[in-house]
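So you know, we letter chains A, B, ... as the sequences are listed, proteins then strands, and number each from 1. All values below were derived from every heavy atom in this structure, side-chain atoms included, with hydrogens, water molecules and symmetry-related copies excluded.
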Protein chains: 2
Amino acid sequence: MTRKWHLLALGLVLGLTTVCASFVAGFYSHHEIASRRLQQLIQEDPYAYYISPKIYKVFSFFRTKDEADHRLRQIMKYGFPGLDDLRLYSDFVLSYDRRNRVAHWVCEHLQVDALQSGQVSRQRASYRPDLSVPSNFRSTLADYHRSGFDRGHLAAAGNHRGLQSHCNETFFLTNIAPQIGRGFNSGAWNKLEIYVRDLTLRFGSVYVCTGPLYKPKQRTGGKLSVEFEMIGLNMVAVPTHFFKVIIVESKLPLGKPYMEGYVLPNTALPDGLNLRSFLCDIREIEHYAGLKFFDGIRNAIFASNYPRESQVFRDFG
Amino acid sequence: MTRKWHLLALGLVLGLTTVCASFVAGFYSHHEIASRRLQQLIQEDPYAYYISPKIYKVFSFFRTKDEADHRLRQIMKYGFPGLDDLRLYSDFVLSYDRRNRVAHWVCEHLQVDALQSGQVSRQRASYRPDLSVPSNFRSTLADYHRSGFDRGHLAAAGNHRGLQSHCNETFFLTNIAPQIGRGFNSGAWNKLEIYVRDLTLRFGSVYVCTGPLYKPKQRTGGKLSVEFEMIGLNMVAVPTHFFKVIIVESKLPLGKPYMEGYVLPNTALPDGLNLRSFLCDIREIEHYAGLKFFDGIRNAIFASNYPRESQVFRDFG
């Protein structure tokens, strides 16, 4: 009789355990499937990626391993400078200013390997409007035609040599802004772009954020006012300045990360000017652009030398 | 013997069913708990709310009932005009322009009941900076002091009479823009605000989106250029115009929804001007503001009369 009771008790315990285990398995399965789907979404949608830390808290019953090494995460490693109309391209991320028909910012991550693969040609790429922008906010080729301005790249074509499609995407007009040609786009601005690639070749990994500024000027009477031209039927703003904010993640032994910002006026600049003369405090760029750069790194690694002094590569020729 | 086998088979089937049921119960529990937590997040974070339809697809194993009637959903019923720096206040939603230190847009939902409860006093409210905006992008009282401009409300204080705290929040400087006082803030703009409340009293439910414009002007030589002043140490932009886009959801029997837009120049306007003379095509406001209004409703109810003709209350005195 006791043996029978023992067996029944054992059976009950086993049964309950199985029921509990099944429940937990079901609970965990839903967690797993949902978080896998979520990771898919996060890789494709910048807003989903931005909000993902909060979404993951919703799933906090189990530790969520969200360590997928997708391109969006790589490029946006140090946070979003702003959140207006985010757009993910295959090798850069962009925030579009629908009011001015020019991007707010474009973020890129340059790596030495991709830079050195040279199968890509600019000649096979062509400027074209980005049809994913609603027509009311889109700039077109006609806006630039005979405007007197160059179609200047924000994410430089020369930074995206890994695949032809990467290079082609830099020719979308969302990544283009009206720039003075001689003395700027083909002058100092080009030198700055080459400098960024040189940094990459030397240090291995470089993050760049590029965008326009619309800086105010002092008027007679001491008043400040912003003034800029608009070109074409779609009214594309002509920025008064352009900025680049750069982080170098040195891969050299004992290399420290560095951060620096440049602001160049959108005018014909004399040849032979030293790029160093365009160095600018990053907090000042942030103020004029209304953006916040590399929020993540600043609190961590850069805590000591930011924002009082912009880091300069004094030793870099 | 057969009876024993039957019993064993029955036991097995019962056991398996229990295991499956427990698994499904576990699966469903996770779904339920996660989606309840998600709904909490969605009520507090505008970006989470914006992305929520995509997030809910991640949970599409069961039908998710997300019909919680929270304020964010009520106010943003017709979609977000833009996505830059979204801010949720208790009775309005705002997108902040960090570059100009003035909002991009403020959305409100006016209802007749809240308007008629009159326990609220403007006198108990005071202008104050919104400390949740990073200092580099924040406007302060000092910026407006002796600037020659009024601190003009975007979401009107008089629209938020339900609770004193609702009224107080309209005095945050994020909801304030530099406006010409005499002839504008206390003139035509005030008339427009009263008109919106009159619409609410008459029709029951009104959605308003208010914001600044920085419109370009024709220069000599035919070039277009944008020009606007900036005031104070923090450089707060002085908009050239202000807009209001209005949807009336008539609660009258057989009442149809209407949509109309107004643009007023930020200058001293003569008394006695008819508000009708400031009516503006909504697509034109969208072009200058870089915003898209009431996306949801337009595809549905407004399909027939938008955007070719702005709807006017011709019968409304």
Side-chain angles (χ1 to χ4, degrees), chain A residues 15 18-31 33-35 37-38 40-41 45 47-48 50-51 54-55 57-59 61 82-86 97-101 104 134 136-137 214 216 219 223-231 234-235 237 283 286-292, chain B residues 15 18-31 33-35 37-38 40-41 45 47-48 50-51 54-55 57-59 61 82-86 97-101 104 134 136-137 214 216 219 223-231 234-235 237 283 286-292:
Chain A
T18 317
V19 164
C20 288
S22 309
F23 184 87
V24 171
F27 200 84
Y28 185 72
S29 297
H30 185 271
H31 171 85
I33 299 174
S35 45
R37 288 199 189 177
L38 199 58
Q40 188 64 33
L41 173 64
D45 188 305
Y47 288 102
Y50 168 73
I51 206 77
K54 289 188 181 176
I55 302 285
K57 276 194 196 154
V58 167
F59 291 105
F61 318 104
L83 292 169
D84 201 14
D85 198 6
L86 300 177
D97 182 352
R98 294 180 163 195
R99 185 166 68 204
N100 284 344
R101 266 72 68 178
H104 284 295
N136 208 4
F137 311 126
Y214 307 90
R219 298 279 149 197
K223 287 183 180 178
L224 275 181
S225 90
V226 172
E227 189 178 352
F228 56 89
E229 203 183 326
M230 283 193 149
I231 57 170
N234 295 303
M235 302 186 193
R283 212 173 145 83
E286 292 182 324
H287 181 79
Y288 288 118
L291 303 174
K292 209 157 172 57
Chain B
T18 316
V19 164
C20 287
S22 308
F23 184 87
V24 171
F27 200 83
Y28 185 72
S29 297
H30 187 271
H31 171 84
I33 299 174
S35 46
R37 286 199 191 176
L38 200 58
Q40 189 63 33
L41 172 64
D45 189 305
Y47 288 101
Y50 169 73
I51 205 75
K54 289 186 183 178
I55 302 284
K57 275 193 198 154
V58 167
F59 290 106
F61 318 103
L83 292 168
D84 201 15
D85 199 6
L86 300 176
D97 183 352
R98 294 178 163 196
R99 183 167 69 205
N100 284 345
R101 265 71 70 177
H104 285 294
N136 207 3
F137 311 126
Y214 308 89
R219 298 277 150 198
K223 288 184 179 176
L224 275 181
S225 90
V226 172
E227 189 177 352
F228 56 89
E229 203 182 326
M230 284 194 147
I231 57 171
N234 295 303
M235 303 187 193
R283 213 174 145 81
E286 291 182 324
H287 182 79
Y288 289 118
L291 303 174
K292 208 158 173 55

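Within the 4.5 angstrom heavy-atom criterion, atoms from both the backbone and the side chain of A/L38 approach chain B. Residue contact with chain A, scored on non-hydrogen atoms closer than 4.5 Å, involves the backbone and the side chain of B/K54 alike. Of the two parts of A/V24, neither the backbone nor the side chain holds a non-hydrogen atom closer than 4.5 Å to a non-hydrogen atom of chain B. Using a 4.5 Å cut-off between heavy atoms, B/Y288 contacts chain A through both its backbone and its side chain. Contact of B/L291 with chain A is made through the backbone alone, with heavy-atom distances under 4.5 Å. Looking at A/L86, neither its backbone nor its side chain comes within 4.5 Å of chain B, counting heavy atoms on both sides.
Taking the six-membered ring for Trp and thresholds of 30 and 60 degrees, B/Y47 and A/Y47 have nearly parallel ring planes, at less than 30 degrees apart.
Taking every heavy atom of both residues into account, A/G290 and B/R98 meet most closely at O-CB, 3.3 Å. Contact between B/F23 and A/S29 at its shortest, heavy atoms only, is CZ-OG, 3.2 Å. Nearest heavy atom pair, residue B/D84 against residue A/L83, reads OD1-N, 3.9 Å. Of all non-hydrogen atoms in B/N136 and A/E286, the two that sit nearest each other are ND2-CB, 3.6 Å. Minimum heavy-atom separation, B/I51 to A/A48: CD1-N, 3.8 Å.
By the side chain to side chain contact (heavy atoms under 4.5 Å, CB included) test, B/D97 is found to be paired with A/R99, B/R99, B/N100, B/H104, residues two or more places apart in sequence or in another chain being considered. By the salt bridge (Lys or Arg N to Asp or Glu O under 4.0 Å) test, A/R101 pairs with no residue at all, sequence neighbours left out.
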